[in-house]
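What follows is a short report on a single structure.
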Amino acid sequence: MKSALFHRVFILLPWILIVILMLDVDTRGPAPPLTPRPDFAPHPGGRGGVRLPPRRGAQKRSASRPPPPPPEPLPTIYAITPTYSRPVQKAELTRLANTLRQVAQLHWILVEDAAARSELVSRFVARAGLPCTHLHVPTPRRYKRPGLPRATEQRNAGLAWLRQRHQHQRAQPGVLFFADDDNTYSLELFQEMRTTRKVSVWPVGLVGGRRYERPLVENGRVVGWYTGWRADRPFAIDMAGFAVSLQVILSNPKAVFKRRGSQPGMQESDFLKQITTVEELEPKANNCTKVLVWHTRTEKVNLANEPKYHLDTVKIEV
């Protein structure tokens with residue numbers, strides 16, 4: 001009797017378990033998807049993160065703010081460089097170009113003392129990698145004697161080009177600087193001159209037989225000159241020691257470097273007298289107490305062993 005009962009239980013037990021499992025599966029619905037909190041995004045803006053849109057209130061606040069004003073245009077620095085043919089010409093132009101290439105918003109006006117553009121300078125300008133205008137004008141033979149002012153025609157040609165460029169258009173902010181190719185310039189100098197309102201001045205190193213020359217400044221105004229040569233000059237300053245606002249150049253179209261009546265070393269004074277006064281000068285370089293440009297002339301090249309015959313079979317430009 002008992003064995004028959006156990007036999008029936010063992011037969012029904014698997015079916016009972018199957019029914020229980022099926023009922024359990026039906027009562028469980030699909031699990032809801034996992035969603036992040038509305039204000040949380042892991043690693044926002046970072047690798048693998050998701051940037052959530054800003055809240056509506058933040059959008060309204062940002063939309064109510066006026067856009068920032070556009071930045072003022074950076075004044076262009078126009079650097080006029082006279083140059084002439086000599087063994088060190090390309091070396092000095094290379095040194096100067098390497099400096100000017102690092103100055104933002106600069107236009108180089110390179111003026112050859114020649115009747116035509118030379119191949120050497122033309123190739124150099126094409127590879128210089130900076131905005132450049134290549135001009136040429138010869139110095140009359142009678143003015144090439146020792147002791148006479150140099151580079152007068154070349155600087156005037158640069159001034160004429162600058163005035164012609166801006167004669168039919170409103171001039172943008174700009175500064176003019178006479179950058180001779182035998183000087184050495186600190187990049188800080190260009191930062192100083194860019195804020196020139198009319199005529200700015202600063203010291204020059206290794207000039208006039210002294211370690212430096214400079215304007216003397218009291219209470220922010222130029223009152224005299226620390227110089228080793230002719231302190232009685234109206235502007236006892238080197239060509240590399242001042243910059244002029246472009247607007248001043250355009251407002252004084254007759255201001256040029258003079259040949260007649262100008263003595264050696266007086267061209268700076270003769271030019272500046274036409275456009276400003278000592279009282280109007282703007283001292284730069286920490287009230288003219290820092291040297292940012294040096295009159296470093298290249299040593300005369302020794303070519304005593306340069307052959308006249310049996311020249312190199314390869315023509316190399318130096």
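Numbering starts at 1 and runs along the sequence shown.
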So, [X] side chain and [Y] main chain: donor-acceptor pair closer than 3.5 Å or not?
X	Y	answer
R233	M266	no
T276	L272	no
E112	S118	yes
Q154	V137	yes

Item to complete: For Y84, check ring pair (Phe, Tyr, Trp, His ring centres under 6.0 Å) against everything at least two apart and list the hits.
Response: none
Restricting to non-hydrogen atoms, name the atom on [X] and the atom on [Y] that form the minimum distance, rounded to 0.1 Å.
X	Y	value
G158	I109	CA-CG2, 4.1 Å
A255	Q274	CA-OE1, 3.1 Å
P75	G174	CB-N, 4.2 Å
L96	D181	CD2-CA, 3.9 Å
P283	C288	CB-SG, 3.7 Å
A157	V111	CB-CG1, 4.1 Å

Worksheet, complete the sentence: Residue pairs meeting ring-ring contact (aromatic ring centres under 6.0 Å, His included), one or both in residues 111-163, sequence neighbours left out, come to H107-W161
Worksheet item: Are L292 and W202 close enough, and set up right, to give a side-chain contact (heavy atoms from CB on, under 4.5 Å), and what steps lead you there?
Response: CA-CA 8 Å; L292 302 175; W202 50 79; 5.8 Å; no
Joint hydrophobic cluster, [X] plus [Y], side-chain heavy atoms closer than 4.5 Å:
X	Y	result
V293	M239	no
F178	V248	yes
I275	I80	yes
Y185	I237	no
L281	L189	no

Are [X] and [Y] packed together at the side-chain level, in the sense that at least one heavy-atom pair is separated by less than 4.5 angstrom?
X	Y	answer
Q105	I77	no
F190	F177	yes
L246	L176	no
F235	K273	yes
P149	K258	no
V204	N183	no
L74	R194	yes
P215	W225	yes

Considering residues at least two apart in sequence or located in another chain, which fulfil the salt bridge (charged side-chain N to carboxylate O under 4.0 Å, His left out) criterion with [X]?
X	answer
K198	E280
E317	K90, R123
D180	R155
E153	R259

Worksheet item: According to the salt bridge (Lys or Arg N to Asp or Glu O under 4.0 Å) rule, which pairs have a member within residues 139-149, sequence neighbours left out?
Response: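 Pairs touching residues 139-149 that pass the test: none.
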Worksheet item: When you look at W108 and L93, which way does the side-chain contact (heavy atoms from CB on, under 4.5 Å) test go after all the steps?
Response: CA-CA 11 Å; W108 196 14; L93 288 177; 4.2 Å; yes
Worksheet item: Do K290 and E188 sit within salt-bridge range, that is, some charged N less than 4.0 Å from a carboxylate O?
Response: yes
Worksheet item: Can you check side-chain contact (heavy atoms from CB on, under 4.5 Å) on F257 and Q267, steps first, answer last?
Response: CA-CA 6 Å; F257 291 92; Q267 285 212 319; 4.1 Å; yes
How long is the gap from [atom1] on [X] to [atom2] on [Y], to the nearest 0.5 Å?
X	Y	atom1	atom2	result
L135	T81	CG	OG1	11.0 Å
L250	H166	CG	NE2	6.5 Å
R163	S251	CZ	OG	10.0 Å

Looking at residues at least two apart in the chain, or sitting in another chain, which of them share a side-chain hydrogen bond (donor to acceptor under 3.5 Å, both in side chains) with [X]?
X	answer
E92	R86, T298
Q89	T83
N98	R101

Can you confirm whether [X] is buried at [atom1], in the sense that more than 12 heavy atoms of other residues, nucleotides or ligands lie under 6.0 Å from that atom?
X	atom1	answer
E119	CD	no
R211	CZ	no
R165	CZ	yes

Item to complete: If you link ILVMFWY side chains whenever their heavy atoms are less than 4.5 Å apart, which other residues fall into the same cluster as V291? By chain and number, please.
Response: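 Joined to V291, directly or through intermediates: L206, Y212, L216, V223, Y226, W294.
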Practice prompt. Could you list who else is in V88's hydrophobic cluster, with ILVMFWY side chains joined at under 4.5 Å, directly or through other members?
Written response: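 Besides V88, the hydrophobic cluster comprises V301, L303, listed by chain and residue number.
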Practice prompt. Let me see the working for T139 and D113 under side-chain hydrogen bond (donor to acceptor under 3.5 Å, both in side chains), right down to the final yes or no.
Written response: CA-CA 6 Å; T139 300; D113 184 356; 2.9 Å; yes
Worksheet item: For residues T196 and K284, is any side-chain donor paired with an opposing acceptor at under 3.5 Å?
Response: no
